[in-house]
Chemist: 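So that we are looking at the same thing, I have put the structure below in structure tokens.
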Number of protein chains: 2
Amino acid sequence: MDADGLAAQLRANGYRATIPRMQVHAALRHAGGHLTAEQLADGLADEGVTLSSVYRTLALLEELGVARATRLGEGDASRWELAHPDEHFHVVCDECGRVTHHRGGLVALVTAHLAEDHGFAADEVDLLVRGRCAACRDTDAAVPLS
Amino acid sequence: MDADGLAAQLRANGYRATIPRMQVHAALRHAGGHLTAEQLADGLADEGVTLSSVYRTLALLEELGVARATRLGEGDASRWELAHPDEHFHVVCDECGRVTHHRGGLVALVTAHLAEDHGFAADEVDLLVRGRCAACRDTDAAVPLS
DNA sequence: TTGATTGCAAATGCTTTGCAGCCGC
DNA sequence: GCGGCTGCAAAGCATTTGCAATCAA
């Protein structure tokens, strides 16, 4: 979604199109996702956007279904991205920290299974995989610890 | 695993079998999982076990592969359970808060897919589904909001 | 005995909130 | 102009950590 679209959606829901809201959205769109609230605030400090506004804006964007939070580690901070229209899941490498998206019918499969067999209406499916990516596995093989 | 098994596993790894460790494990086993650190500490206050020991113990049990943490909400505290030998995922009802486990070959399917197509070695798969359970959907139908 | 482990309390880090002024509508 | 939003600073939680005392081995 572009800036005008966001402004329209905000106003359509009775919210105002303010600088922090537009800037946070632009930053998420530009970065392609996986930013913490603090990273967003740091990057937007020049525009006069503060951390608390970032948090408030993220909560709002989430409520509108525009953004989405994911916890990529145990104690870590939440990381944010724009909501994708199609389902996906996150694959995180514990070694290099790289995060990739994977798409697939998997999420739809889970949803259908739960609905049919258990009468459960799934609103949100969050699939997180942690492990080691191909690049890091190669590196390990080349430079063994022993 | 029973108490003796845990004591043995602790000592085999160079750790001591102390009261907090045995009690936290027993509490998790008895409760069947989904307890926060604070709930554990409250229930074990009579045994003189403090919150910080609960946290340290949980971290240790996780390292040993005996326990496992899951975040069931955004800002919520982590909930803990004993690790199951077989994979499973959590289904949380947003309305009544009930949490159920579901088993299935789904996790193995994801792991295999990532390994074969992307060379990614998955260590941990965390699948969380949120929505409304059958019971709550029935209730809603009987007592419509309008 | 001896060092790992605990309790206590203070510190940390992420996130939320109260309030007075500001700005989009 | 009005009321929603923001910045600022302080509070709130879950979790971690420093240190002296304690306890398992």
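What you see is a predicted model, and the numbers here were worked out from it, not measured in a lab. Naming convention: chains lettered A, B, ... in sequence-line order (proteins, then strands); numbering from 1 in each chain.
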Chemist: Between Ser78(B) and dT15(D), is there a contact of a side-chain N or O with OP1 or OP2 at under 4.0 Å?
Modeler: yes

Chemist: Donor-acceptor pairs under 3.5 Å, side chain of residues 21-32 of chain B to any protein atom, not counting sequence neighbours: which ones?
Modeler:
residue	atom	partner	partner atom	Å
Arg21(B)	NH1	Arg16(B)	O	2.9
Arg29(B)	NE	Met1(B)	O	3.3

Chemist: Need the bend value for the helix from dT1(C)-dA25(D) to dC25(C)-dG1(D): angle between end axes, 5 pairs each end, nearest 10°.
Modeler: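 Both end axes considered, the difference amounts to 40°.
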
Chemist: Excluding sequence neighbours, so at least two apart, what forms side chain to side chain donor-acceptor pair (under 3.5 Å) with Glu38(A)?
Modeler: none

Chemist: Check the distance between dA14(D)'s P and Trp80(B)'s CH2 and give it to me in whole angstrom.
Modeler: 15 Å

Chemist: Once you round it to whole Å, what is the distance between C1' of dT5(C) and CE of Met22(B)?
Modeler: 15 Å

Chemist: Which heavy-atom pair separates Glu62(B) from Ala69(B) by the least distance, and what is that distance?
Modeler: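 So the minimum-distance heavy-atom pair works out to OE2-N, 3.9 Å.
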
Chemist: What is the distance, to the nearest angstrom, from the CD atom on Glu62(A) to the P atom on dT16(C)?
Modeler: 10 Å

Chemist: Of all residues at least two apart in sequence or in a different chain, which pass the side-chain contact (heavy atoms from CB on, under 4.5 Å) check with Ala37(A)?
Modeler: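 Result, side-chain contact (heavy atoms from CB on, under 4.5 Å) vs Ala37(A): Leu51(A), Val54(A), Tyr55(A), Leu58(A).
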
Chemist: Nearest nucleotide by nearest heavy atom, which residue falls closer to the 5' end of DNA chain D, Arg11(B) or Tyr55(B)?
Modeler: Tyr55(B)

Chemist: Whole Å only: how far is the CD atom of Gln23(B) from the C1' atom of dT6(C)?
Modeler: 14 Å

Chemist: Find the distance Asp46(B):CG to dG7(C):P and express it as a whole number of Å.
Modeler: 13 Å

Chemist: What contact category does Ala17(B) fall into here, base, sugar-phosphate, or nothing, at under 4.0 angstrom with non-hydrogen atoms?
Modeler: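 The answer is sugar-phosphate, as Ala17(B) gets under 4.0 Å only of primed atoms, P, OP1 or OP2.
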
Chemist: Run Val66(A) and Leu60(A) through side-chain contact (heavy atoms from CB on, under 4.5 Å) and show every step you take.
Modeler: CA-CA 9 Å; Val66(A) 174; Leu60(A) 176 57; over 6 Å; no

Chemist: What heavy-atom pair brings Ala83(A) and Gly65(A) nearest, and what distance separates the two atoms?
Modeler: CB-O, 3.3 Å

Chemist: How long is the line joining CG of Leu51(B) and C1' of dC13(D), in whole Å?
Modeler: 11 Å

Chemist: Leu10(A) and Ala17(A): which non-hydrogen atoms are nearest, and at how many Å?
Modeler: CD1-CA, 3.9 Å

Chemist: Run the side-chain contact (heavy atoms from CB on, under 4.5 Å) test against Asn13(A) and tell me which residues pass, sequence neighbours left out.
Modeler: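 For Asn13(A), the residues satisfying side-chain contact (heavy atoms from CB on, under 4.5 Å) (neighbours in sequence not counted) are Gln9(A), Tyr15(A), Leu64(A).
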
Chemist: Between P on dT15(D) and CD on Glu38(B), what's the gap in Å once rounded to a whole number?
Modeler: 9 Å

Chemist: Going by atom type alone, with no hydrogens or angles, which donor-acceptor pairs under 3.5 Å involve a side-chain atom of residues 39-49 of chain B and a protein atom two or more places apart or on another chain?
Modeler:
residue	atom	partner	partner atom	Å
Gln39(B)	OE1	Thr36(B)	N	2.8
Gln39(B)	OE1	Thr36(B)	OG1	3.4
Gln39(B)	OE1	Arg79(B)	NH2	3.3

Chemist: Mind listing the N/O atom pairs, protein and nucleotides 4-6 of chain D, below 3.5 Å?
Modeler:
residue	atom	partner	partner atom	Å
dG4(D)	O4'	Arg16(A)	NH2	3.3
dC5(D)	OP1	Arg16(A)	N	3.1
dC5(D)	OP1	Arg21(A)	NH1	3.2
dC5(D)	O5'	Arg21(A)	NH1	3.3
dC5(D)	O5'	Arg21(A)	NH2	3.1
dT6(D)	OP1	Thr18(A)	OG1	2.9

Chemist: Could you check how far CD of Glu47(B) sits from P of dG7(C), rounded to whole Å?
Modeler: 11 Å

